Each structure stands twice: as C-alpha cells, then as structure tokens.
There are 2 protein chains.
Amino acid sequence: MEQTYQHARQLVAVDCIIFGYEDADLKVVAFQRKLNPGRGAWSLVGGWVNHDESVEEAAQRVLHEITGLENIFLEQVEVFSKIDRDPGDRVISVAFYAFMRIGQQDKKLVEEYGAHWFSLRELPELVFDHQDMLDKALDKLRRKASYQLVGSELLPDRFTLLQLRKLYEAIYQRELDPGNFRKKVLGLGILRQLSSKDMSESKKGAYYFKFKKAGTGQNMERIIKL
Amino acid sequence: MEQTYQHARQLVAVDCIIFGYEDADLKVVAFQRKLNPGRGAWSLVGGWVNHDESVEEAAQRVLHEITGLENIFLEQVEVFSKIDRDPGDRVISVAFYAFMRIGQQDKKLVEEYGAHWFSLRELPELVFDHQDMLDKALDKLRRKASYQLVGSELLPDRFTLLQLRKLYEAIYQRELDPGNFRKKVLGLGILRQLSSKDMSESKKGAYYFKFKKAGTGQNMERIIKL
DNA sequence: ACAAAAGTGTTTCGGCTACACCCATGC
DNA sequence: GCATGGGTGTAGCCGAAACACTTTTGT
C-alpha cells in the first residue's frame, strides 16, 4: 500500500511536555538537545514519527525509550508547523503532554539522557517553539482538570486529600479552600477511601484515598471555575 | 536548510469540517471523493500539506481553492494518524473546522466541486475516519461556544438575537430560554445594537446587532452549561 | 497549652432557571 | 381580538465561597 499518492512528504515529529508533581510543585522535563541545530539548548523530549506508527504510538515509544515506562498517560495538544520553526529543516511537530510520577527509578533513567525536572517557574529558556508548546499544554491541562479530576497518574497509588489539593493548587497557582475542595471532590464519587491513614503530614492523620477504576469515571462535572 | 535530518518522511494532509448555518440548522460540507481509493464516497474537504506552508496555511489554501474566500475562521481539531486510516497510503491528517456563511456565491463554487451542504442529521456515511473527525470537531465547537460567543462568521453581518439563539440551539440541539439567552448574551457586552430593526420575523420588529471588533473580546465567561 | 491539619457544618451571595407579564403589530 | 415574537422583570433554587468550629495528637 505504498506510494499511492504522489506528493511531497514531510518530516513529522512528536514533542512531549512531561508533567510531574513533587514538593507541592508542578514540574516538567527538559533536556539538553543532542542534535544540531540548537545542540546543548534546553528542549522538550521528542522524536520522529515512523511509517509504521501513529503519532500517539510514536510518543509512547519515545517516552518508553527514555523512561522505560509503558502506557503513559498522553493527551494531544496541537500541531506546530510554522515552516521555519526548526531552523534545520521543515519539521511538523505534534505536541503532547504526559503525566509521570517522579520517582527514583525514572529519575535515574531520565538523567542518563541529560534530562532534568524543572519547576514551572525555574524553567530555562527552551529551544525553537517549545515554550509555546508548554504554554498550550498547560492551558489544556488546566481546562481538563477543571471538569475532570486528574492526578491518578501524578500522585502515588494512594494519597491524601491534602496531596490532591496541593496538586490542584500547583496546577492553578492559587490556593483552594480545604473544606470546599474536600466536599467537591468527594461529592464526585470517584474516590475510594481506604482504611489506613497517613500520619506524616498531620497529628490527627488523614485517610488515604484511591481512584476508583482509574481512567473511567469521566464525569464531566465542574471542579473549579477557571 | 534542507535535509538536515535523515529520517522517513510522511504524507501530511489537512481535512476541513466546514460548518455553515441555514434554516435554523447547522450544516457541513461533504463532497464526492475524486481519488482512489474511495472514489465517489462522501468525504470532507481536504488536501496535501506542501513544504512551504504550515498546516493552517494549507487549510486556508485548500478552502480558498474551493470557495474563493480568504481568511476563513479555522480551528485545529486534532491529528488523525492511525497507520491504516487511509487504505491507499500512510497519511497523517490534521483536522480543522471552519466557519462559512452559506450564500449563493459560495454555493455555486462549492457545487462545482460536487460538494453539498448537509444538515447534521442527514449526513451520508463518510469515507475513512472522517466521521470521527466530524464528531471531534462538533465536540470542540460545542466546548468553545460554551464560553465564547460564536457566530460572527456564520451569521449575516447584522443579525437579530433570535437568529443568534437559533444558531446556539442548532449547535447544542436543545432549546434555550429566549429571555435568559438575551440577558446572558447582552451582558457579555460584545454586541453592538444597531438602530435598524428586522421586520421579517416578528410583527414588533427586532433590533439588529453586530459583533464589536470581531475576533477580539475573548471574554471567557460561561455562556451555557454543557 | 498550643499549633496544625482533619473533618464537618453553616451562612451568605450570585447566578441560573423558570416563569409571568407587557409591547407591538400583522392577520 | 388573538397569535407571535420582542423585550423586561422577578421569585426561587442551587451551588460556590467564606469561614466558624470541633477533633486529634505531637511538641
């Protein structure tokens, strides 16, 4: 099924904004670019799209190569295709954002590639249009998190409502009322309370929660007003 | 600046969901495909992406070729890239939706290409994954229209609030309260009332309105609850 | 005793909904 | 006079926001 159509072909890439959560802060992965042009500059994680894979599969493959993880949560952001966005050649890039737990094992793998986790406010200047990609990704993440509870891919397996609230505060860069947040989130009915408590963050101890059937429960109720 | 990178190159296309509004109904353009495979099947408007244009520019060019119009309102929907989505070859397609006033002149141009305006409910089966594209586009349109007043590209230059409300009813396939819709929309402060009235739709006559400074005024207030 | 987070309850306020109601006019 | 859409007003409901208050326990 090759070459049915005769037309100019393009280099197609994927670039991934990898979000992580640590120390009550939203972070992203950037690494020092190894190719010219722009060698050494900070860049998002990216790679080429092959003939035998969709852009989603390409993104999964690229992320797997770097982190060793499979089935990473991915969301398409937008296509970036200005003809001179990459000074080296005409490259059409599909941006994705991904969620990843920041842990020791990933950290090591990530750092083998010269990659680092940056807090959003400490991010260095990024190469090409990668800052635009990040801005759009953040925008999309905020929109999504406003009507769907996110976090199962960023937080530990079990977590307290304090952790979840701090994550939301990091995403929106503003404080949320603890009582109201609790009522809202529990009212969604998509968290299951465990019998064990976390004793590290408070004297009284806070119950752990888990997401029921991760991924489903797309309940589209408004969580926070943008 | 060519061939800096050595990697497989892909056919990249754009496909456009062209929305129009007529007879209190939302419509889309489909036409009979001229290429094999799928020749004769109903298809969205599409074309290849050249080396010297972004995907947005490609979409504008394709729409211009068919309608003669320039500067059409366009919004990126999503990339469709399953490897077998087009049985003829591996084609990565970027879907867009566009707004277009349905008028005599466009109609003629459109029909020269074997294209027709279809009401959403009367749409024939579409080729490949074009129905998926349409579904996603509708989804995105509904989301956008819920927090930004749309319509300046679909309605005539000046329009009554009845027309605007009917457009929204067509988009969401449900009835909206006339009084509440009026208050909500006028409260946004992005419409300018003209001194002339439309006498065709009611005995009393309804004032015409225009969008202030079309395009700006992105005021992000919620218009309707999804 | 105090601080700090957990967890629950309460009050207030604003916006949305669902109407009621008058206006203007062609039939 | 009556039907139809234009246009305005309003009572009631519901959810969000703000915040008071009680619990628990480490220091």
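Per chain, numbering begins at 1; letters A, B, ... match sequence-line order. These figures come from a predicted structure and were not determined experimentally.
Here C:dA5 presents its C1' atom at 10 Å from NZ of A:K166, a figure rounded to the nearest Å. A straight line from CD of B:E201 to P of C:dC27 spans 15 Å, rounded to a whole angstrom. Note: CG (B:N180) to P (D:dC13) measures 16 Å, nearest angstrom. Rounding to whole angstrom units, CZ of residue B:F181 and C1' of D:dG6 are separated by 15 Å. In this structure, NZ of B:K203 is placed 14 Å from C1' of D:dG1, rounded to the nearest angstrom. Per the geometry, CE belonging to A:M199 stands 11 Å off P belonging to C:dA6, to the nearest Å. In this structure, the NZ atom of B:K225 is 6 Å from the P atom of C:dT17, given to the nearest Å. When rounded to the nearest whole Å, the span between OH of B:Y207 and P of D:dG7 equals 7 Å.
Of the possible donor and acceptor atoms, one in the side chain of A:Y172 sits under 3.5 Å from a partner among the backbone N and O of A:S146.
With a 4.5 Å cut-off on side-chain heavy atoms, B:E201 and B:Q163 count as touching.
Between the side chain of A:D177 and the base of D:dA16, no donor-acceptor pair under 3.5 Å is found. Side-chain atoms of B:K183 and base atoms of D:dG9 include a donor and an acceptor less than 3.5 Å apart. B:K204 contributes no side-chain N or O that forms a donor-acceptor pair with the base of C:dA24 under 3.5 Å.
Nearest nucleotide to the side chain of A:R165, out of D:dG6, C:dC19, C:dA6: C:dA6.
Between B:F159 and B:F211, the ring center distance clears the sub-6.0 Å criterion. Between B:F99 and B:Y97, the ring centre distance stays below 6.0 Å.
For the OP1/OP2 pair of D:dA16 and a distance below 4.0 Å, the side-chain nitrogens and oxygens of A:K184 include at least one atom meeting the criterion. Between B:R182 and D:dG6, a side-chain N or O to OP1/OP2 separation shorter than 4.0 Å is absent.
Map B:R222 and B:S202 each onto its nearest nucleotide of DNA chain C; the residue landing nearer the 5' end is B:R222.
Within the 4.0 angstrom heavy-atom criterion, only backbone atoms of the sugar-phosphate kind lie near B:L162; the bases stay farther away.
With a 6.0 Å cutoff to the six-membered ring centre and a 45° limit on the axis angle, A:K197 counts as a cation-pi contact of A:Y207.
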